[in-house]
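Beneath this line is the structure, given in structure tokens, with notes to follow.
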Amino acid sequence: MSAIIEPFPRPERLTTSGADAAARYTRRAQEAFELLAQATTELERTTLCDIAEIWLDMAESALLGRI
């Protein structure tokens with residue numbers, strides 16, 4: 001199992017709308033769900049579900065303008 005880790009942009013550099021940010025976060029959640037299919041242990045599955053949930057929470061916050 002592998003993932004690409006990218007630096008997260010600093011808030012002062014973000015110039016996108018909430019919808020753009022939400023779409024980006026949703027793509028990250030989708031990547032976590034794709035990795036979930038490759039998970040072999042309960043810890044990996046639990047961790048990937050937690051990660052996906054956090055990305056989806058961030059997407060919701062972006063849409064609500066709370067980021």
One should read off an interatomic distance between M58 CE and R24 CZ, to the nearest 0.5 angstrom, of 8.5 Å
L63 and G18: which non-hydrogen atoms are nearest, and at how many Å? CD2-O, 4.2 Å
Identify the two heavy atoms, one from A62 and one from Y25, that lie closest to each other, and give their separation to 0.1 Å. CB-CE1, 4.0 Å
Can T26 and Q30 be counted as having a side-chain donor-acceptor contact under 3.5 angstrom? no
Would you please test F33 and L56 for side chain to side chain contact (heavy atoms under 4.5 Å, CB included) and show each step? CA-CA 11 Å; F33 286 129; L56 292 174; 4.3 Å; yes
Say you draw a straight line from CD of E42 to OG1 of T47; how long is it, rounded to the nearest 0.5 Å? 9.5 Å
Heavy-atom nearest pair, A39 first then R45, reads CB-CG, 3.5 Å
Apply side chain to side chain contact (heavy atoms under 4.5 Å, CB included) to the pair E44 and T41, showing each step before the final yes or no. CA-CA 5 Å; E44 287 176 343; T41 67; 3.2 Å; yes
